[in-house]
Each structure stands twice: as structure tokens, then as C-alpha cells.
Amino acid sequence: MSARIIDGKALAASVRASVRDEVSVLAARGIRPGLAVIIAGKDPASQVYVRNKLRACEEVGVHSELLAFPADVSDATLIGSIEGLNRDPAIHGILVQLPLPKSLDAARILATVSPAKDVDGFHLENIGALVTGQAGFVPCTPAGVMRMLAQENLPLAGRHAVVLGRSNIVGKPMALLLLQKDATVTICHSKSSDLAAITRQADVLVAAVGRAKLVTADMVKPGACVIDVGVNRLADGSLAGDVDFASVKEIAGLITPVPGGVGPMTIALLLVNTLRAARLAAGERA
Ligand code: NAP
């Protein structure tokens, strides 16, 4: 039997619609959430992501500002502009588009973003909050995946969740969020041996690796929920996830497509986080 496909595009549209409604409620009180996006260099994928984020802001009535710098911008210049944004009352969220050019000190730059405006959840204070189960900003991609799982009412307590990838922006926070929901979590990475033996035990399998079609049908437990975070550009210009969708959908119970799965949820959760930052700045509980 073929898996049910989780429609990330539709779910993201409904999340965006509720953000839009809440933005209008705030507008009546004279508050307009604002997001600043910083980009350095001309990485084509990053430029597309930034454009999509700015368009999403516009659609829901969130004010946005783009600060674009050349690839040879200095740490001091970026840090200075982030400090300015930290003080700017019209800006509630600050996003530094990654990857930054290698010449820059990314850790220092991310640490400059005020934790209260860190809508990407990359500041150590927010990472610490996630690790210890306290309120903070959660990285948008794993937060988007959790929304999808919640929408599907997928039971997680006591289930085995396997996360492929251990990056700071996807794999690790993903694993922590699944752990918060009482899943038994295994994290795999490039040094893990016999990946298939581990993935075959997964009730929930999240692939965040960046290798096209790495996960094949023989690696998946029948009926499992398979979430594909990967975005890979194939030689013919098309996009593919980390999961071999055509074969895996025949064995999984639930599956996300690429495109149209996790990607739209990431942007929707960025809007959710920006709205929350604006509410917190206005002294509301959010
Ligand atoms: P990343 O920083 O490159 O991390 C990749 C992870 O995969 C690393 O932990 C790496 O292990 C592991 N890995 C590499 N080869 C492996 C293999 N053969 N078997 C098992 N693990 C392996 O990437 P990322 O930023 O987490 O992103 C992962 C993917 O998600 C990319 O395709 C990216 O484009 C996509 N992405 C999508 C969204 C979205 O909104 N849809 C958002 C963010 C990222 P080591 O740690 O040992 O090197």
C-alpha cells in the first residue's frame, strides 16, 4: 500500500493564514511585527531562500528589511549592523542567512543577535533553552517538522525516532524536540556504521543529510513515518530530497515530498517565531 503524503504546502498555508489573522489583531493595537534578514555574498540558493522569506513576510503583513552585504564584508561591519537591529524597536526578529562566507566568524556573528530577536533559534541562549526544555526560540525547520507530526496526531512517546544528520540547525534540535515528546531517539551521521540496520528500527525517520535519495525502501520499516528535510539539486536541475520518494512511499505509512514538504513549513515557522518575538516585545505572553 502506498503511504499517505503529508502536504507541507497546504499545512504551511494554513499556518501562514493564522499568522496573518494574528498580525491584523496586533495591527489594531499599533504593533507591526518586523523581521530583518542579513545576507552576505551571492550564493544562489541563499538568495532564493531570502527572497521567499521576504515574500512570505509581505503576504502576512510582517514588515521586513533586507540588509545585503558583499562576500568580503568584515565581521565588524556585520556585528555593527546586528547591534543596530538589536536596538531598533521596529525589528522583532533578526535572521542571518547561512552559510556565511568562510572568511567570517559565523559563531561570533550569531552570538551578537539578541536572544529575544533570535527567530532562527541559533543563539546559544536559545539552544540552551531547547536542551533544558525551557521556553525559547526553536530553529524553524525542526519546529516545522514537529508541527507536521502534531497535525498528523502521530504518537511519539515510546516510539523509536531516528534522525539522520547532526547539524546544529536541523539534526541536533530535531533530535531534542523528539526527545521532549518522549520518543526514544537515535542520531546517525557520516561515521555511523550500518545505517540501514538502524533506520529499519525507526517508527519515525527524519532525513537531514543533503545526499539525494540516500534513504531507499530497504532502509525503512513498513508503515513508518518518513520526513525528508533534504534539498538536493540534481544534474538535470530538478530538486530531490534525501529520500528515494518513489520507492519509499510504497513501504512507509506517511511521507513528506520534496518539494512541497518540510521547506514551506520552515518559512511558516519563521513567521510564527517573528510574531511571537513581537508579542513578547510588547509585553504579552506568547
Ligand atoms: P549539514 O550541516 O551538511 O549536515 C549534514 C549531516 O548529515 C551531518 O551531520 C553529516 O554527518 C550527515 N551525513 C552526511 N553524509 C551522511 C551519510 N552518508 N549518512 C549519514 N549521515 C550523513 O546539513 P544541514 O544544514 O543539516 O542540512 C541537511 C539537508 O537539509 C540539506 O539537504 C539542506 O539543504 C536541507 N535543509 C532543508 C531545509 C528546509 O527548509 N527544507 C532547511 C535546512 C536544511 P557529519 O556530522 O558526520 O558530517
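Counting convention: from 1, in listed order, for ligands and their atoms alike. In what follows, residues are counted from 1 in the order of the sequence shown.
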Which of these, P264, S167, A45, has its nearest heavy atom closest to atom 2 (O) of ligand 1?
->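 Selected option, by shortest heavy-atom distance: S167.
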Heavy-atom nearest option to atom 31 (C) of ligand 1, drawn from G261, C188, G210 =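 Among G261, C188, G210, the closest heavy atom to atom 31 (C) of ligand 1 belongs to G210.
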Between [X] and ligand 1, find which residue part has any heavy-atom pair under 4.0 Å and reply side chain, backbone, both or neither.
| X | answer |
| --- | --- |
| M265 | neither |
| L164 | neither |
| V209 | both |

When clusters are formed by joining ILVMFWY residues with side-chain heavy atoms under 4.5 Å apart, either directly or through shared neighbours, do I255 and I6 land in the same one?
->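 Per the 4.5 Å side-chain linkage, I255 and I6 are not co-clustered.
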Out of curiosity, does V162 fall in the hydrophobic cluster containing V206 (side-chain heavy atoms, cut-off under 4.5 Å, transitive links)?
->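 Unlinked, V206 and V162 end up in two clusters.
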Closest approach of any protein heavy atom to [atom], naming residue and atom:
| atom | result |
| --- | --- |
| atom 43 (C) of ligand 1 | V170 CG2, 3.8 Å |
| atom 35 (C) of ligand 1 | V229 O, 3.4 Å |
| atom 18 (N) of ligand 1 | L214 CD1, 4.0 Å |
| atom 19 (N) of ligand 1 | L195 CD2, 3.6 Å |
| atom 47 (O) of ligand 1 | S190 OG, 2.5 Å |

Side chains of H160 and T186: is there a donor and an acceptor less than 3.5 Å apart?
->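 Result is yes, a qualifying pair exists.
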If you take all heavy atoms of F137 and D118, which pair is closest and at what distance?
->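 Nearest heavy atoms, F137 then D118: CB-O, 3.2 Å.
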Please determine if V231 has a nitrogen or oxygen closer than 3.5 Å to a nitrogen or oxygen of ligand 1.
->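 Checking ligand 1 against V231, an N or O pair does fall under 3.5 Å apart.
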